[in-house]
Amino acid sequence: MSQPITQATLHAKSFINGEWVEGEGELMERISPVTGQQLGTFRASSLEQVNRAIKSAKEAQKKWADVSLLDRIDLLKRAEEIGKKYGEEMARYITLEMGKTIREAREEVYELGISNFEHAAGEVQRFRGTTLPSTFERTNNKRIHVTHAPIGVVGVITPWNFPISLSNEIIPYALAVGNTVVFKPSESCPFSTQLLVQLFEEAGFPPGVINLVHGKGDVGNQLVEHPDVGAITFTGSTAVGKQIAKTAGLKRTLLELGGNGPQIVMEDANLEEAVEAAITGCFYNAGQVCTAAERILVHESVHDEFVELLVERTRKVQLGNPLEETTDMGPLSSQAVVDKTNYHLQDAVAKGAEIIYGGNHDGLYFEPTILVNVTQEMEIGKEETFGPVAPIIRFSTREEAVEIANDTQYGLTSSVFTSSLEDAWYMADRLQHGTVHINESTNYWDFLAPFGGMKNSGNGRILSTWVFQHLTEVKQITFDPTKTKRKK
């Protein structure tokens, strides 16, 4: 089904109308952040190939929408079973492509990725329309039926930090409600995402229902601009998300963008639990998570104790080869991420912050880092770092904590640690974030809950039946059976 993992042997192709085809664009290579060596190559799809993929999806959608719901569900379940068989291989691809530990990669594949086949199959059966009475006229003859129709072709553009789970939080759901898909993954992760598409192929999804194109921004832009693409889903940076929204015009968009998540530690918090949450929030996937704890706000009365405990716990974080089972944190995915992390640290130190742990890197392997005396005037206090840094901000009152937490263009996730129910509700009501966790890490989400952000963190919600709202069109159908022609 796929090639074994050996250096410089992998080669990804595009998948258009049920056939694997060589890209007609630029020859690209992927250098593994783990080894520093070439992992494999692929050719970008040409814009003409993107157009062919869209055409095949448009033609396939007409028949796919007529496939019975139970038959679609059977295909999703078959893809899940196949995914379990190839899960370990997929996890190793992820690790070698972008550097997360093999334990985190397995979690992404099995718990966050493949499981979406089952979730989509279940949730689509609970996604219902409604029937309304007529209130415009004084009659009981009319019935108004509100249903959800597939949009048509959905363009799915996904990032490198969770190549499988973030893709599969959209694709199975789009297919479940009768859409077809043209999928453009990050050029950093062509091999794991190719294996994902092979699951759909082996499961027996008809040709054209899912298509895979590779490339950079021009390929994604072609999806956004094409008139036959009815909806665009994108996970990535706020800057690119804004450009997509501008270009897409009246197209349906579902944008999951950046974050600058605060974790607030109140004076009555369980500090040991708050420290564990900060470890997960700051160092999971080496901090390369949109829901990361980008700022740790700590009440002045427990500041020193919290910092001491955090340093002690951070010393136990094992940085190293991500393919080894005991490694807690692997390399950053690229030099660009290293450079941004370094820039934020240097800016913070120049403005009065102090690095009390870590701060160094060997190539792409960046130490888990703790920074104190951070303020909102620093870049690290305002922008998304996307690296393994725990910036500590001191506060005095809960009002000040809320003000600092909301002082950002982002509004994705936030976290509050407190033993006070009253403070918990106060914070939950006032934090301007799509999700507020009480006594939980910012890096937490649940398949039944709506995930998405406020402000510049995007629009729309994914997971459960929430995502279907953005992948379908609401259709009203009015019936008046009393006006039919009666038989004599």
Side-chain angles (χ1 to χ4, degrees), residues 100-101 104 259-267 269-289 291-320 327-332 337-362 364-395 401 404-405 408 413-417 440-443:
K100 72 172 52 175
T101 68
E104 291 172 341
N260 190 258
Q263 176 182 318
I264 300 172
V265 182
M266 299 294 286
E267 65 267 38
N270 182 327
L271 295 186
E272 288 75 14
E273 293 291 345
V275 164
E276 285 302 317
I279 293 292
T280 302
C282 298
F283 305 137
Y284 179 76
N285 198 21
Q288 299 168 118
V289 189
T291 56
E294 295 276 349
R295 297 170 293 159
I296 310 293
L297 282 58
V298 184
H299 192 275
E300 60 185 7
S301 66
V302 294
H303 176 275
D304 293 350
E305 183 181 0
F306 175 86
V307 171
E308 182 180 347
L309 290 172
L310 182 61
V311 170
E312 180 183 344
R313 177 62 179 83
T314 303
R315 293 185 194 279
K316 299 176 183 178
V317 176
Q318 296 296 313
L319 174 65
T327 298
D328 298 312
M329 204 173 79
L332 296 178
V337 180
V338 172
D339 292 343
K340 185 177 182 181
T341 302
N342 269 328
Y343 167 67
H344 278 192
L345 289 175
Q346 292 164 6
D347 173 78
V349 170
K351 294 175 181 176
E354 178 185 359
I355 297 174
I356 61 170
Y357 188 88
N360 303 307
H361 65 95
D362 182 6
L364 301 182
Y365 288 80
F366 211 108
E367 294 176 338
T369 301
I370 301 173
L371 200 62
V372 296
N373 301 327
V374 174
T375 68
Q376 286 298 97
E377 288 68 39
M378 302 169 185
E379 289 295 319
I380 206 165
K382 297 183 295 184
E383 297 297 330
E384 186 176 45
T385 302
F386 231 61
V389 182
I392 311 296
I393 301 175
R394 187 191 299 258
F395 71 89
I404 294 171
T408 173
T413 60
S414 58
S415 168
V416 181
F417 275 79
E440 181 55 80
S441 165
T442 58
N443 272 338

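Each residue takes its place number in the sequence, starting with 1.
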Audit row: T291, N443, side-chain hydrogen bond (donor to acceptor under 3.5 Å, both in side chains) steps and yes/no: CA-CA 5 Å; T291 56; N443 272 338; 2.5 Å; yes

Can you find a heavy atom in the side chain of I370 that is under 4.5 Å from one in the side chain of C282? no

Between T369 and E367, is a side-chain hydrogen bond (donor to acceptor under 3.5 Å, both in side chains) present by the stated rule, with each step listed? CA-CA 6 Å; T369 301; E367 294 176 338; 5.4 Å; no

Residues L310 and A278: closest non-hydrogen pair is CD1-CB, 4.1 Å

In this structure, OG of S415 is separated from CZ of R295 (nearest 0.5 Å) by 12.5 Å

| message | The test is side-chain contact (heavy atoms from CB on, under 4.5 Å); show your working for V265 and L271 and say whether it passes. | response | CA-CA 8 Å; V265 182; L271 295 186; 3.8 Å; yes

Is the side chain of N270 donor-acceptor paired with the backbone N or O of E273 at a distance under 3.5 Å, no angle test? yes

Any donor-acceptor pair under 3.5 Å linking the side chain of E384 with the backbone of G259?
yes

(request) Quick one: do V298 and R394 satisfy side-chain contact (heavy atoms from CB on, under 4.5 Å)? Show the steps, please. (result) CA-CA 5 Å; V298 184; R394 187 191 299 258; over 6 Å; no

Here the gap from L332 atom CG to K100 atom NZ, rounded to the nearest 0.5 Å, amounts to 13.0 Å

Quiz prompt | Beyond-backbone contact of L309 with E312, side-chain heavy atoms, under 4.5 angstrom | solution = yes

Nearest heavy-atom approach of G352 to N373 is O-CB, 3.7 Å

Assess the residue pair I393 and Q376 against the criterion (side-chain contact (heavy atoms from CB on, under 4.5 Å)); give the C-alpha distance rounded to whole Å, side-chain angles, the decisive distance to 0.1 Å, and a yes or no.
CA-CA 8 Å; I393 301 175; Q376 286 298 97; 3.5 Å; yes

For atom CD of E300, is the number of surrounding heavy atoms from other residues, nucleotides or ligands below 6.0 Å larger than 12? yes

CG (L297) and CZ (F417) are apart, to the nearest 0.5 Å, by 13.5 Å

Exercise. Can you tell if the side chain of F283 reaches within under 4.5 Å of the side chain of D328, non-hydrogen atoms only?
Worked result: no

Side chains of M329 and P388: closer than 4.5 Å at any heavy-atom pair?
-> yes

When every non-hydrogen atom of G287 is compared with those of A292, the smallest separation belongs to O-CB, 3.9 Å

Shortest non-hydrogen pair, M266 vs F395, comes out as SD-CZ, 3.9 Å

field: Student check: side-chain heavy atoms of T413 and T442 closer than 4.5 Å
entry: yes

Here the pair of heavy atoms bringing V302 nearest to E267 is CG1-O, 3.5 Å

message = Quick check: do L371 and I356 have side-chain heavy atoms less than 4.5 Å from each other?
response = no

d(E383 CD, M378 CE) to nearest 0.5 Å is 14.5 Å

Side-chain contact test, heavy atoms from C-beta onward, threshold under 4.5 Å: evaluate it for F366 versus L345 and give yes or no.
yes

Here the gap from E440 atom CD to S414 atom OG, rounded to the nearest 0.5 Å, amounts to 12.5 Å

Here the gap from H344 atom NE2 to T385 atom OG1, rounded to the nearest 0.5 Å, amounts to 5.0 Å

Determine, for R313 against E276, whether the closest basic-nitrogen to carboxylate-oxygen distance falls under 4.0 angstrom. yes

Margin query: Does any part of the side chain of I380, heavy atoms only, come nearer than 4.5 Å to the side chain of D347, both counted from C-beta?
Written below: no

Is a side-chain donor or acceptor of E104 paired with a backbone partner of N285 at a separation under 3.5 angstrom?
yes

Using modelled atom types and a 3.5 Å cut-off, is there a donor and acceptor pairing between side-chain atoms of K382 and backbone atoms of N260? no

Taking every heavy atom of L319 against every heavy atom of G330, the minimum-distance pair comes out as CD1-O, 3.7 Å

message = F386 vs T341, test: side-chain contact (heavy atoms from CB on, under 4.5 Å). Steps then yes/no.
response = CA-CA 7 Å; F386 231 61; T341 302; over 6 Å; no

